[in-house]
Q: 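Take a look at the following structure, please.
Lettering of chains follows the sequences in order, A, B, ..., and the numbering in each one begins at 1.
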Amino acid sequence: MPAPSPALPLETPTMQVVTWNVNSVRARLQRILPWLDENRPDVVCLQETKCVDDVFPVEEFEALGYECALHGQKTYNGVAILSRPGVEDVVCGVPGEGDDAQARVIAGTVGDLRVLNLYVVNGKSVGDPKYDFKLEWMQRVADYIASDFPMDQKVVVVGDFNVTFDDRDMLDPEAWRDKILCSQPERDALAAMMKPGLTDAFREFEQDAGHFTWWDFRTRGFQRGDGLRIDHVLLSPPAMAACSGVRVDVEERAREKPSDHAPVIAEFT
DNA sequence: ATGGTCGCGGAGCGA
């Protein structure tokens, strides 16, 4: 009897979860579709889709095998979860908020992952009324996470948090000291969201400074290597245990007509 | 302290 051919290493089934602030899903469609075709992630959390659900390009994503859970809004905001094979138990917004609330939150279950996709308020500048709204908004989401996302399950909270963790998340810490996206109250609000037991997954794998997810168009930040790490993957203990890596696709940000944010990819075993 | 560039929508706002 011939020797059996050497066994190929068993492909460990993996699952990729992406968070990407696309800065208009319709303006970015010819960037997003090829990227999905190439990277084939299982779950894609989009922020700043900037359109109502009726005009979201659902057919284009379905053609790639994705099911779309949408929470859109005209002109500003808008979030979505694209998933293969599908997403269940979708919850739009923060339960209890008014119908006039900005569309910044959507949750859904894919496989054994409970996913919460956030587009956190920007806040404009420290002391601006929008800044106070940002801190209040983050506290409401912190309460939502504490009450509705059991940390003994695989909870994945992703999105554009519009908050850095520390000096490593920027090129020039002194330029950003106590500024918007970097102030201590914002970081305290981020910590409050994580308090039930979420971990900044990126930092479990990479401790060095200089890894960014957003670069300002206005100052041509990308060309100068000047960005911030404000898009995050926050994981409960069981999700963290299953996570094998987190990376930022900086190459996508370097292409033609990019979003100002790069996709962040988390891989799970 | 301000501006710079995008996207939306068709002027100025938000980021």
Q: Suppose you measure atom C1' in B/dG14 against the same atom in B/dG9; what distance do you get, rounded to whole Å?
A: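 Taking atom C1' in both B/dG14 and B/dG9, they lie 13 Å apart.
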Q: At their closest point, which heavy atom of A/Leu234 faces which heavy atom of A/Met194, and how far apart are they?
A: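 Taking A/Leu234 first and A/Met194 second, the nearest heavy atoms are CD1-CG, 3.7 Å.
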Q: Quote, to the nearest angstrom, the P distance that separates B/dA1 from B/dT5.
A: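 About 22 Å, rounded to a whole number of Å.
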Q: Got a salt bridge between A/Asp169 and A/Arg203, using NZ or NE/NH1/NH2 to carboxylate O under 4.0 Å?
A: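 Salt bridge present between A/Asp169 and A/Arg203.
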Q: Considering only atom P, compute the distance from B/dT2 to B/dA11 and round it to an integer number of Å.
A: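 Between the two P atoms, the distance is 26 Å.
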Q: Show every ring pair (Phe, Tyr, Trp, His ring centres under 6.0 Å) that has at least one partner inside residues 147-197 of chain A, sequence neighbours left out.
A: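 Ring pair (Phe, Tyr, Trp, His ring centres under 6.0 Å) check on residues 147-197 of chain A returns A/Tyr144-A/Phe149, A/Phe161-A/His232, A/Phe165-A/His232.
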Q: For a quick check, with a 4.0 angstrom heavy-atom cut-off, what is the B/S/- contact string for nucleotides 5-15 of chain B, read 5' to 3'?
A: B-BSS---BSB
Q: Taking all non-hydrogen atoms of both residues into account, name the closest pair between A/Val141 and A/Met193 and its distance.
A: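 Looks like CG1-CE, 3.7 Å.
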Q: Is any NZ, NE, NH1 or NH2 atom of the basic residue among A/Arg177 and A/Asp167 found under 4.0 Å from an Asp or Glu carboxylate oxygen of the other?
A: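 Yes, charged N to carboxylate O under 4.0 Å.
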